[in-house]
> 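Dumping the structure here so I can ask a few things about it.
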Amino acid sequence: MSGTTSQLQVDGKTVDMAIKTGSIGPSVIDIGKLYAQTGMFTYDPGFTSTAACESQITYIDGDEGVLLYRGYPIEQLAEHGDFLETCYLLLEGELPTASQKADFDYRVTRHTMVHEQMARFFQGFRRDAHPMAVMVGSIGAMSAFYHDSTDISDPHQRMVASMRMIAKMPTLAAMAYKYTVGQPFVYPLNSLDYTSNFLRMCFAVPAEEYKVNPVLSRALDRIFILHADHEQNASTSTVRLAGSSGANPFACIAAGAACLWGPAHGGANEAALKMLEEIGSVDNIPKYIAKAKDKNDPFRLMGFGHRVYKNYDPRAKIMQKTTHEVLNELGIKDDPLLDVAIELERIALSDSYFIEKKLYPNIDFYSGITLKAMGFPTSMFTALFALARTVGWIAQWKEMIEDPSQRIGRPRQLYTGAPAREYAPIGRR
Ligand code: CMC
């Protein structure tokens, strides 16, 4: 309850610590004065029991499988809204009215082009560079191209930087793709909606007319909604930590993208598809289930398990439906990877190892199959995740910058290295 305290006994001394209560979800014990009062830190590697900030943006109930953006269930947003509406909601806190939505769409659309010199900047990357390497580099490079929106103390510049990143991320992601396949960059077309424009920038070529498939565009837009924010995950925490030092927003989002790239986080969709390809056929599943359960084998079922969800990831349910829609639209009747995925899910969900550890499919389990069917190579999957998560990173960064109690993030440690010792000259070591 709000206003109540908890007590901790350390070395015979009792320390009172306030309990703070949110609107929903677990309360927190405020340990901010613990070190001053006891000379001790708390120890929580991986932050499994630590709330690093107060936030009003996204709420997850991992036991119930609930995900809310600003209080709205993800299922309703994915069913009824579009990605730019979700962007507005995450940034502004409320769903837009029709005129606010039209104005927001217009403003984002007018920022879709990138500085022409960025095209030359891209030429510095090797052709076979991973698109995420190109993304991390080019997002960071935006601070070199858009100096006029790097002053974080100016609310107008913060807003301009936010719009620029939401608008330009599809352009950069499409350029990263085109660069690796050796095709010319396709300029944005502002008469198209956000996601259709992205599909066109990825798949159109100057030699042919390209018509966006509305079913695929809607499906990808929904995938973007599902990825838009996820509370204080590793990449978002990275953005907040980077931003807490006052670094410019482009640098902070580049840091978030770098963190997202790891296979335990945003890289899992790529890893999940590679795993399904490696398993190859339903007959091989038992072997891989056994490997996943073997403590001496580092193999894990990619796309399974989550730090917060101890129930079916609500995004995975919507994703699974979207997978079927996309495969139907493309006339893919028998996708062997889908067969493997469905059977793998069925076996894992009835296996005591996965039941006891509450390991369920997460969003990445089905997203790879869907994106592959749409024509994206596996190396682009995490770049698409970064594109969609950009708005979440920005909303969280903005919330932090605008919080008057914000201070630089500075965790402490339990030191277990050598105690103080004398330097020995090189000849006496
Ligand atoms: N396959 C087999 N065993 C697993 C798996 C898995 N995918 N995930 C967790 N476990 C086991 C793990 O070995 C451990 O067992 P024990 O208690 O006997 O040591 C137990 O379950 C708890 O795992 P943990 O690693 O302590 O849990 P965590 O919260 O630190 O890790 C995770 C969460 C997502 C990193 C992990 O489940 C994992 O590596 N999953 C595969 C990668 C993946 O799909 N990541 C995408 C996450 S969703 C997208 C996103 O938000 O980025």
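Both ligands and their constituent atoms are indexed starting at 1 by order of listing. Everything numeric in this text was worked out from a predicted model, so none of it was measured.
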> What's the shortest distance from atom 7 (N) of ligand 1 to any protein heavy atom, and which residue and atom give it?
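Checking every protein heavy atom, the shortest distance to atom 7 (N) of ligand 1 gives Leu301 O, 2.7 Å.
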> Starting from atom 13 (O) of ligand 1, which protein heavy atom do you reach first, and at what distance in Å?
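Residue, atom and distance for the closest contact: Arg300 NH2, 3.3 Å.
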> Going by the order shown, which atoms of ligand 1 are within less than 4.0 Å of some heavy atom of Gly266?
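Selected atoms, number and element: 52 (O).
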> Numbering the atoms of ligand 1 from 1, which are under 4.0 Å from a heavy atom of Ala292?
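Per the distance check, 2 (C).
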> What protein heavy atom sits nearest atom 52 (O) of ligand 1, and how far off is it?
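Sorting protein heavy atoms by distance from atom 52 (O) of ligand 1 puts His265 ND1, 2.6 Å first.
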> Among all the protein's heavy atoms, is there at least one whose distance to atom 19 (O) of ligand 1 comes out below 4.0 Å?
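So far as the 4.0 Å threshold goes, atom 19 (O) of ligand 1 is in reach of a protein heavy atom.
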> Validate the cation-pi geometry between Lys291 and Phe299: distance from NZ or CZ to the six-membered ring centre under 6.0 Å, angle to the ring axis within 45°.
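Yes, cation above the ring, under 6.0 Å and within 45°.
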> Could you label the plane-to-plane angle of the Tyr179 and Phe122 rings as parallel, tilted or perpendicular, counting under 30° as parallel and over 60° as perpendicular?
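Rings of Tyr179 and Phe122: perpendicular, as their planes differ by over 60°.
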> Which residue owns the protein heavy atom closest to atom 49 (C) of ligand 1, what's the atom, and how far is it?
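Looking at atom 49 (C) of ligand 1, the protein heavy atom closest to it is Asp364 OD2, 3.1 Å.
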> Please identify which atoms of ligand 1 are closer than 4.0 Å to at least one heavy atom of Gly303.
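By the 4.0 Å cutoff, the relevant atoms are 43 (C), 44 (O).
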> Heavy-atom distances under 4.0 Å decide this one: backbone, side chain, both or neither, for Tyr353 against ligand 1?
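For Tyr353, only side-chain atoms sit under 4.0 Å from ligand 1.
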> For Leu359, which part has a heavy atom under 4.0 Å from ligand 1: side chain, backbone, both, or neither?
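Near ligand 1, Leu359 shows its side chain, while the N, CA, C and O stay back.
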